[in-house]
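Only heavy atoms go into these numbers, but all of them, side chains included; no hydrogens, no water, no symmetry mates. Note on naming: letters A, B, ... go to the chains in the order of the sequence lines (proteins, then strands), and numbering restarts at 1 for each one. The structure presented is a predicted model; accordingly, all values stated were derived computationally and were not measured.
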Amino acid sequence: MNVRALLNKRIGAALSQASGADSPAAVQPASRPEFGDYQANGIMGAAKRIGMNPRELAAQVVAAATVDDLAEPLEIAGPGFLNITLQGSFIATTLAAEAPLSAGINRQTVVVDYSSPNLAKEMHVGHLRSTIIGDAMARVLEALGHTVIRQNHVGDWGTQFGMLLAHLHDVSDADQSNELADLEVFYRAAKGRFDSQPEFAARARAAVVGLQSGDPDAQAQWQRFIDVSLAHCEEVYQRLGVALSRTDLAPESSYNDSLPTIVATLEQQGLIEESDGALCVFLDQFTNKQGDPLPVIVRKSDGGYLYATTDLAAILYRTSSLNADRVLYYTDARQGLHFRQIFAVASAAELAPEGMLLEHHPFGAMLGADGKPFQTRAGGVVRLTELLDEAETRARQLVAEKNPDLDEAEQSEIARVVGIGAVKYADLSKNRTSDYVFDWDQMLSFEGNTAPYLQYAYSRIRSLFRRGDIDADSFAAEISPTEPQEHKLGVALLRLPEVLEQVAAEGFPHYLCAYLYELATTFTQFYEACPVLSADEPVRSSRLALCNHTARTLKRGLGLLGIETVERM
RNA sequence: GCACCCGUAGCUCAGUUGGAUUAGAGCACCGGUCUACGAAACCGGGGGUCGUAGGUUCGAAUCCUACCGGGUGCGCCA
């Protein structure tokens, strides 16, 4: 149950009735503990609009609002705030009921376009943010009951594959597996020859033509290369715990056949102009350096198509074949203009129906501690496999330091969960729109808003149940919050649904991280103040139930971020 | 030149779409808590004219305008 939405509804209704106009109640969690659990801010604004004294209006709202089944009597405060404190019994029954997260959700079919690496090379840190953030969003949307269709729009087509195929052609069959084991090296070798050997470059271009015209040999070689590259990606996805499989693939090449149709459609609509031999769509709202209209080029002067055309084809596919209500694109911020243009063209050409939501959710760059783009010491790209290796190595050292008594296998497993979780959480916990600084020490710290801190909080609760010899899965007891820390923890536990809905609406997983961190700190405050196992019944059972609920919420929340937990660490 | 994003504590970041005469966390710094329901934790302290200057109003880190500073993008790569 979304308590915030419920309060908005109830108080909003009273406000509309009292003010005679539709006004949002603007309920949000209280900014300070002395103001209760939630506060309604909407009364001042409504009073201004109708020229009424805000405190008078507040009094009428209090009289008209029916909240006595969930809250203590509403309090008017300051210039016209309403302070809301939830009843302990409401907290208890709501937590006990455990309504599904999908309750009350207007279900949509949502396409989430994420990861989308270029298959010509190995996955590197540039792919990390899209992969992690997109995956978390897909999980959250799914948990809320939406139909989520993951789309991994991998780059498997284009001129660069010509040189890769030409180079592959020169390698004996026996050596191919070896050569392709390191795609980064392979790519550099091919690129080196392309730039320095005219004969090779010519063959590379010929290979592109062969590929595009459906030459069986070229196709077979290409397919082989793609398979190897995809296997690399899947290895990374598996290690990251990212739920992308071959069925989620929507490679660029899959749109090849529909590209001429897209251009023809645009032509029929009279949107196409020819400029220097290229077919373009000009839209007034986009201008170039000279202030002239900026084209979206959909077909090059040599007849080839571009990613703009492919993206338009993808929009058509997603609306007509996938029946998407909403499409979310997780790509870096530099592509912002591209997507604004593509969405505008799609709208002008009516490729997407009116109500369909196309949203680019951009993110900033990953920077090193020096504030410059995150690179290896040599200045090269950091491969994801290497990054994840280092995360596990560093976590392994920490585990060995902190808990040397655990056996080797368990230490390794904990290191894996903590190391990978730390990398993912560091990214997810920051506002995705800005650049972020990648800092090993910060993300692996057990202090502050980090994955290890949350995982630790979880493992402490599990430890409590072990110590008490209580089976958490079958444990059930009524929660009756009496101490302030118990009340605060109960309210925090109720907030998961409203936070998830906000994440889904705005595409910001860091809201969920902030929530989980707050939940964990609220829990430790409770845990410091309120003895559990040594308490007398029924307080003991009530507190155990709070602990159990907290552990489940932490695990569930982290799970929605794609982060695992361990029973001890 | 135009467009988009961003300037918040020494550092890394929040700030729920305009809310509460004390702008929050975590690092780092200073000082307290363990013969442990896990100290991998907790409690307290110092540290900010929210880039600058105006404006809008009961009320601004948040909205508007102009500057300053940083990042990114702007015709046949993706």
Side-chain angles (χ1 to χ4, degrees), chain A residues 4 26 28-32 34-35 39 41-42 44-45 47-48 54 77-81 83 116 118 155 157-160 252 275-280 285-291 294-302 304-308 310-311 331-338 340 362 364-365 367 369 371 398-399 401-403 418 426 429-431 433-437 439 441-442 445-450 452-453 455-457 459-461 463-465 467-468 498-499 502 506 508 510-511 513-515 517-518 521 524-525 527-535 543 547 568-569:
Chain A
R4 184 178 177 178
Q28 59 180 237
S31 58
R32 277 153 63 173
E34 59 266 36
F35 299 149
Q39 62 187 53
N41 300 335
M44 280 95 71
K48 179 155 74 175
F81 294 96
N83 291 344
S116 307
N118 178 355
W157 204 249
T159 49
Q160 57 196 333
E252 287 180 344
S275 173
D276 298 331
L279 300 186
C280 308
Q285 63 265 48
F286 304 105
T287 55
N288 65 10
K289 293 174 194 172
Q290 286 75 40
L294 188 65
V296 177
I297 301 176
V298 293
R299 204 182 77 188
K300 296 192 281 184
S301 51
D302 69 0
Y305 298 98
L306 299 102
Y307 75 138
T310 309
D311 277 336
T331 76
D332 74 285
R334 288 177 300 188
Q335 297 188 48
L337 176 61
H338 165 70
R340 280 194 293 138
L367 307 177
L398 282 175
V399 174
E401 252 170 59
K402 306 287 188 188
N403 213 339
V418 170
S429 61
K430 283 157 189 105
N431 184 328
T433 55
S434 43
D435 294 347
Y436 99 97
V437 176
D439 181 343
D441 293 330
Q442 189 277 330
S445 168
F446 291 81
E447 293 163 10
N449 190 8
T450 65
Y453 177 85
Q455 289 165 326
Y456 175 65
S459 70
R460 273 180 88 179
I461 301 174
S463 166
L464 177 80
F465 277 79
R467 175 170 283 263
E498 69 190 43
V499 171
Q502 205 167 355
E506 298 176 43
F508 283 122
H510 81 276
Y511 291 160
C513 297
Y515 165 74
Y517 180 56
E518 194 196 314
T521 54
T524 50
Q525 284 161 7
Y527 202 50
E528 294 287 324
C530 303
V532 178
L533 292 177
S534 60
R543 288 181 179 168
C547 290
R568 77 183 107 233
M569 58 191 280

Exercise for review: Return the value, rounded to whole Å, for the distance between atom CD1 of A:Ile461 and atom P of B:A40.
Suggested key: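 Rounded to whole Å, this separation is 17 Å.
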
Proximal nucleotide (of [options]) relative to the [X] side chain:
X	options	answer
A:Ile297	B:A40, B:C76, B:C13	B:C76
A:Tyr517	B:A25, B:A41, B:C76	B:A25
A:Asp435	B:G71, B:A41, B:C74	B:G71
A:Arg4	B:A39, B:A78, B:U16	B:U16
A:Arg32	B:A20, B:G38, B:U16	B:A20
A:Lys48	B:G38, B:G59, B:C76	B:G59
A:Leu306	B:A14, B:C77, B:A39	B:C77
A:Thr287	B:A14, B:G38, B:C2	B:C2
A:Phe81	B:G19, B:G71, B:C58	B:G19
A:Tyr307	B:A78, B:U17, B:C74	B:A78

Only pairs with both distances under 3.5 Å count, Watson-Crick or wobble alike; so what is the partner of [N] in this structure?
N	value
B:C63	B:G55
B:U49	none
B:C34	none
B:U72	B:A3
B:A25	B:U12

Practice item. Find which nucleotide of RNA chain B each of A:His510 and A:Ser275 is nearest to by heavy atoms, and output the residue with the more 5' nucleotide. Key: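 This one resolves to A:His510.
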
Check your understanding: Once you round to the nearest 0.5 Å, how far does CD of A:Glu518 lie from CG of A:Asn449?
Key ->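 So the CD of A:Glu518 and the CG of A:Asn449 are separated by 10.5 Å.
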
When you measure from the side-chain N and O atoms of [X] to the phosphate of [N], is any distance below 4.0 Å, counting only OP1 and OP2?
X	N	value
A:His338	B:C77	no
A:Tyr453	B:C42	yes
A:Ser445	B:C27	no
A:Gln525	B:A41	no
A:Gln28	B:U17	yes
A:Arg460	B:A39	yes
A:Arg340	B:C4	no
A:Tyr511	B:A14	no
A:Ser463	B:G38	yes
A:Lys402	B:A39	no

Ignoring hydrogens and angles, tell me if any N or O in the side chain of [X] forms a donor-acceptor pair with the backbone of [Y] under 3.5 Å.
X	Y	answer
A:Gln39	A:Ser31	yes
A:Thr450	A:Ser445	yes
A:Asn403	A:Met569	yes

Using the [atom1] atom as the point on both nucleotides, what is the distance between [M] and [N], in whole Å?
N	M	atom1	answer
B:C5	B:G26	C1'	25 Å
B:C77	B:G70	C1'	27 Å
B:C42	B:C4	C1'	44 Å
B:A14	B:G31	P	31 Å
B:C11	B:U33	C1'	27 Å
B:U49	B:A3	C1'	32 Å
B:A66	B:G24	C1'	30 Å
B:U21	B:C68	C1'	31 Å

Considering every strand and a 4.0 Å limit on heavy-atom distances, what is the contact class for [X]: base, sugar-phosphate, or nothing?
X	answer
A:Thr524	sugar-phosphate
A:Ser459	base
A:Ala514	nothing
A:Gly45	base
A:Asn118	nothing
A:Asp332	nothing
A:Gln442	nothing

Practice item. Answer yes or no: is there a side-chain heavy-atom contact under 4.5 Å between A:Met44 and A:Phe81? Key: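 Side-chain contact under 4.5 Å: yes.
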
